[in-house]
Amino acid sequence: MTAPDRSLRSDARRNREAVLDAASELFAQRGDAVQMDEIAERAGLGVGTLYRHFADKQALLAAIIGRRFTAMTTLARAAEDVADPWTAFEALLLGYLEAAQTDAAFRVAILGPEEPNWADIDAQKTEFATIIERIVQRAVAAGHLRADFLADDFVLISRGAMANMTGTDDWRRYVTLLLDGIRGADR
């Protein structure tokens, strides 16, 4: 969960969190078709209160992604502490995807037709990406990942797996096949 914005009053923080919770539920149920007034109603707030916190749906989607990136940064830090570079990479990838499997709103925000405003979550995204880069570089240097594997490939693999999350665990087979294809010579 995103750390509370200390500049907001406690009631404003509660309202913001209520909007994020409601939006997450509705996006998970109905995808990108959810309207802002429905989110406000689910949160028990007026539409004006929602718009005081989020200028538009893209800003709201960015906040949902920001929440997940904050949680995933904690996971990435733990994976980075794993001694074996391959195990660290695999723990990060699978942990990220397992969290995404239970967070349909995050998947909608990442994969949906409306591009979120990445500038709103630049700090969270940058921190997560920096850790991914270090984990990937360490696994490549150890020969556990293909020499041409890049941190951007982590994004491609994770988005492909998310696109295959259809209520079954088929995405796990997809990831297993991909992992076999990206292993370095020393694995």
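Because the structure is predicted, anything quoted here is derived from the model rather than measured. Note that the numbering runs from 1 along the sequence shown for the chain. Values below: every heavy atom of this structure, side chains too, minus hydrogens, waters and symmetry copies.
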**Request:** Evaluate the side chain to side chain contact (heavy atoms under 4.5 Å, CB included) criterion for residues K57 and F27: first the C-alpha distance (whole Å), next the side-chain angles of each, then the deciding distance (0.1 Å), finally the verdict.
**Result:** CA-CA 11 Å; K57 196 186 301 187; F27 283 127; 3.9 Å; yes
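- A salt bridge does not link R30 to E25: none of the charged side-chain nitrogens sits closer than 4.0 Å to a carboxylate oxygen.
- The minimum heavy-atom distance between R183 and L179, with the atom names listed, is CG-O, 3.0 Å.
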**Request:** With side chain to side chain contact (heavy atoms under 4.5 Å, CB included) as the test, would you mind laying out the steps for V19 and Y51 before giving the verdict?
**Result:** CA-CA 10 Å; V19 168; Y51 279 108; over 6 Å; no
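- H144 has its side chain out of reach of T87: every pair of non-hydrogen atoms, C-beta onward, lies at least 4.5 Å apart.
- By the salt bridge (Lys or Arg N to Asp or Glu O under 4.0 Å) test, E80 is found to be paired with R134, residues two or more places apart in sequence or in another chain being considered.
- Of the possible donor and acceptor atoms, one in the side chain of D153 sits under 3.5 Å from a partner among the backbone N and O of L150.
- L97 is not connected to V155 by any chain of hydrophobic side-chain contacts under 4.5 Å among Ile, Leu, Val, Met, Phe, Trp and Tyr, and they are in different clusters.
- Nearest heavy-atom pair, R138 versus A79, reported as atom, atom and distance to 0.1 Å: NH2-O, 4.2 Å.
- The residue from L45, I39, D37 that alone fulfils the side-chain contact (heavy atoms from CB on, under 4.5 Å) condition with L50 is I39.
- Between F154 and F89, the ring planes are perpendicular. Angles over 60° get that label, and only those under 30° would be called parallel.
- Put simply, CG on L92 and OG on S158 are 9.0 Å apart, with the number rounded to the nearest 0.5 Å.
- A donor-acceptor contact shorter than 3.5 Å is absent between the side chain of K125 and the backbone of I65.
- Rounded to the nearest 0.5 angstrom, R173 CZ and L178 CG are separated by 11.0 Å.
- Judged by distance alone, with hydrogens and angles left aside, the side-chain atoms of T126 form no donor-acceptor pair with the main-chain N or O of A123 at under 3.5 Å.
- When all heavy atoms of A151 and E133 are compared, the closest pair comes out as CB-OE1, 3.1 Å.
- Taking CG from L111 and CE from M165, the interatomic distance works out to 9.0 Å, rounded to the nearest 0.5 Å.
- Salt bridge status for R67 with D21: present, with a side-chain N to carboxylate O gap under 4.0 Å.
- No donor-acceptor pair closer than 3.5 Å links the side chain of Q137 to the backbone N or O of I135.
- Aromatic ring orientation, F106 versus Y96: perpendicular (interplanar angle above 60°, classes split at 30° and 60°).
- The two residues V175 and L93 make their nearest non-hydrogen contact at CG1-CD2, 3.9 Å.
- For E17 (side chain) and R14 (main-chain N/O), no donor-acceptor pair under 3.5 Å exists by modelled atom type.
- To the nearest 0.5 Å, atom CE of residue M162 and atom CG of residue D103 are 9.5 Å apart.
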**Asked** Between E98 and R172, is a side chain to side chain contact (heavy atoms under 4.5 Å, CB included) present by the stated rule, with each step listed?
**Response** CA-CA 9 Å; E98 287 165 356; R172 290 182 186 278; 3.1 Å; yes
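- Nearest heavy-atom pair across I121 and A62 is CG2-O, 2.9 Å.
- Closest non-hydrogen pair, L75 versus G95, comes out as CD2-C, 3.5 Å.
- With rounding to the nearest 0.5 angstrom, the CD atom of E41 is 9.5 Å from the CG atom of L26.
- Transitive grouping of hydrophobic side chains (ILVMFWY, heavy atoms separated by less than 4.5 Å) brings V47 and L61 into a common cluster.
- Atom CZ of residue R159 and atom CG of residue N164 lie 14.5 Å apart, to the nearest 0.5 angstrom.
- When the shell of 6.0 Å around CZ of R146 is examined, it contains 12 or fewer heavy atoms from other residues, nucleotides or ligands.
- Residues W86 and V82 do not share a hydrophobic cluster, clusters being chains of Ile/Leu/Val/Met/Phe/Trp/Tyr side chains in contact below 4.5 Å.
- Within the 3.5 Å criterion, the main-chain N or O of A100 finds a donor-acceptor partner in the side chain of R107.
- Linking ILVMFWY side-chain heavy atoms closer than 4.5 Å, directly or via other members, places L156 and V140 in two distinct hydrophobic clusters.
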